[in-house]
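Whatever order the structure lists them in is the order used to number ligands and atoms, beginning at 1.
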Amino acid sequence: MRRRPGRVLALLAAPVAALGALAAAPAEVEVYKDPQAPLEARVDDLLARLTPEEKLALVHADSKFTTAAIPRLGIPRRWLSDGPHGVREDVGPDTWKPAGHTDDFVSWMPAIIGLAASWNPDLARQYGEVIGQEAKQRGKDIMLGPGMNLMRTPLGGRNFEYPGEDPWLAARTVVPYIQGVQAQGVSSCAKHFVGNDQEWERMSVDVQMDERTLRELYLVPFKAAVQEADVHTVMGAYNKFRGTHACHNDYLLNRVLKQEWGFKGLVMSDWAGTHDTKEAVLNGLDLEMGTDKPYDEFFLARGFREGLARGEYPVAALEDKARRNLRVMLETKALEGRGPGALNTPEHQAVARAVAEEGLVLLKNEGAALPLDPEKVGSIAVIGENAVKLQAHAGGSARIKAFYEVTPLDGIVRRVGQRATVSFAMGYQENAAPDLVEKAVKAAAQADVAIVVAGVGHGKFFDEEGQDRKDMRLPWGQDALIDRVVAANPRTIVVLVSGAPVEMPWLPKVPAVLEAWYAGMEGGNALARVLFGDVSPSGKLPCTFPRALADSPAHALGAYPSKDGAMLYSEGLLMGYRWFDAKKVEPLFPFGHGLSYTSFQYSGLKVTPGTAPDGPLATVEFALTNTGSREGAEVAQVYVADVKSSLPRPVKELKGSRKVRLKPGEKQTVTVPLDRSAFAFYDPARQAFVAEKGDFRILVGSSSRDVRLEGAFALKETSVAR
Ligand code: BGC
């Protein structure tokens, strides 16, 4: 049957039996209600039934996190919810205050930075499935995440919600996450598009970057979210981009996202990120959320209505926005209902623990300080507020009302049971005046091992939405505390809880350091399993840890914070490890770094040109052997370096990786395909990605600075593509 736009009359076909007597007579079919009908026909049909007022109701909020129902047509109220690490507690409806519900506890998953540190796309998929199932159970239609801005500066207040500094790794993290959410019939949201890589003056700052930097770095995860994961919704960023607010920015939303990438879903504003009716109408915004006014005074409510009546805006603009909203609703069974989901199941807990475990990065391990033997350790002094602090319900919009949270101290106590004595001393405390150091030093001196759980936290000017950190140092006297503790007990292990790099002036004295990020509800258990060697650590840094803030590109160039309201990304392509490589700056820990309790040998690199017309341009193959005595997983990383090119390029760029789990002595062949994009750069003159013929070096290694194998590849032909 050919479906026509507009009101569709048709004969009942399949459901005849089900409808019994009614079905005997020809009836007007509401195609939009027929789940078997093609999606576009359903959207057309439903759109044609809406009055202009009803269409307007679809394009702006009617509470903090909802849009209005249209009961006449069976369109329910639509629920949006933060955030990337779980389904946020209910607020409002008209305030940010918690609604006080008792049924909005959920699983708290590790922060996205930790997920990225796992370098495990299968886990990212499972993570997304957990979010989708819990959202479904909580009756949410759209989950506001994952965040996919990049770590341009270690100070970014929301770095913990984002997947690090590398666009390729970011894309590989968010694509399976989105697919996992959307496979549950819940929409995902790629946020914040684009340039919200820092919180500094986020509502007003004008982000300026050259086109190549935009295309090769900051757009990459968004493009993958649209084209590979078919993400249903995109959230505009608060900041301006080249002079216009990103939430209604013609270039970003109409030209790049919708025209070039073919995005069919809806663009929503960030909350209170809309500033102008005309721009909102014409520049690609489809859903206005969070504006701080009565709902009918939203830019896409009364202003839009009045402008339409005066003939200032094309009716087609409203049609298109309503259509996009309806499409997302119908795609996710908003009208027929999507059935029950699940909350905090044993499977969800297992995924939370696996992500936490695989995201833990062992930064340093001198003299095999770790793992600890629970049978031999005797006594352990656990020190530091982050050992006992609950982290879930903080950080801004990513906060979670967790069913439970296993803290580092809980995890350690549970793991050692009666085998060792565990003491705890606060050592430092956020904003606390009393001197807690002496007790901690005493506890450390009396114990066989001291574990200092240090780091940052989700307070103002730390890992929190709305502002950036002020510096990269550990706050609240922790550096001095660690110095004293390690002086009292050289067997001191430092565990960092943070969303981004911190300076470590005490590093030479401390034998072992673990980065634990914000590790979710199972974080303490995961940490204990790694500390006591039940599992070998396998996380790798998704960001460079600089020695000092001034080594980091935006800071080295004085390109952070903003000047006269503009944030100039003057480091351009040389962001993250690209800068440290090009400028030959030694980082504290390089991008991709992470140690294991076992050791891996790389051998037998082969780079084979692809032959299939639609296949990869090259296939990288090598063998990985576990040469140590424990099982472990290695993240093998493949970097591509262009030997000579018509435009300057970074020294090398990450273009592939594989995480491989091996038993002691086990050897496995690893294959990593490299497609066109692995060789291409963006040429602003041609407005296209160019893979230029010539020689490339293929670098395979255990981190960006630990290259174990090097091969060569020659591209025979130049190709140009969008
Ligand atoms: C944040 C978004 C979030 C929204 C709704 C904004 O302040 O930037 O990431 O989804 O609030 O809570």
Check your understanding: Is the W579-F591 ring centre distance short of 6.0 angstrom?
Key -> no
Check your understanding: Counting only heavy atoms not in K401, do more than 12 sit closer than 6.0 Å to its NZ atom?
Key -> yes
Revision key, fill the gap. Closest to atom 11 (O) of ligand 1 among protein heavy atoms sits D270 OD1, 3.5 Å
Exercise for review: Considering heavy atoms of the protein only, find what lies nearest to atom 9 (O) of ligand 1 and give residue, atom and distance to 0.1 Å.
Suggested key: H192 NE2, 2.7 Å
Check your understanding: Which atom pair, heavy atoms only, marks the closest approach of L144 to F65?
Key -> CD1-CE2, 3.9 Å
**Study point:** Residue part near ligand 1, for R158, under 4.0 Å between non-hydrogen atoms
**Key:** side chain
Practice item. May I ask you to identify, for E199, whether its side chain, its backbone, both or neither come under 4.0 Å of ligand 1 on a heavy-atom basis? Key: neither
Exercise for review: Determine, for W200 and R202, whether the Lys NZ or Arg CZ falls below 6.0 Å from the six-membered ring centre while staying within 45 degrees of the axis.
Suggested key: no
Check your understanding: For atom 5 (C) of ligand 1, which candidate among V91, D82, N149, N196 holds the nearest heavy atom?
Key -> D82
Exercise for review: Consider ligand 1: state whether an atom of it lies below 4.0 angstrom from any non-hydrogen atom of K64.
Suggested key: no
**Study point:** Heavy-atom gap R202 to ligand 1 smaller than 4.0 Å
**Key:** yes
Check your understanding: Have R78 and N325 got a donor and an acceptor in their side chains that come within less than 3.5 Å?
Key -> yes
Review point. Is there at least one pair of N or O atoms, one from Y238 and one from ligand 1, spaced under 3.5 Å apart?
Key: yes
Check your understanding: For the residue pair F160 and Y518, does the interplanar ring angle fall in the parallel (under 30°), tilted (30 to 60°) or perpendicular (over 60°) class?
Key -> perpendicular
Exercise for review: Can you label the angle between the Y560 ring and the H555 ring as parallel, tilted or perpendicular, going by 30° and 60°?
Suggested key: tilted
Can you sort out which atoms of ligand 1 are near [X], meaning under 4.0 Å from one of its heavy atoms?
| X | result |
| --- | --- |
| R88 | 12 (O) |
| F65 | 5 (C), 12 (O) |
| L144 | 10 (O) |
| K191 | 2 (C), 3 (C), 9 (O), 10 (O) |

Check your understanding: Hey, does the side chain of T173 reach the backbone of L169 with a donor-acceptor pair shorter than 3.5 angstrom?
Key -> yes
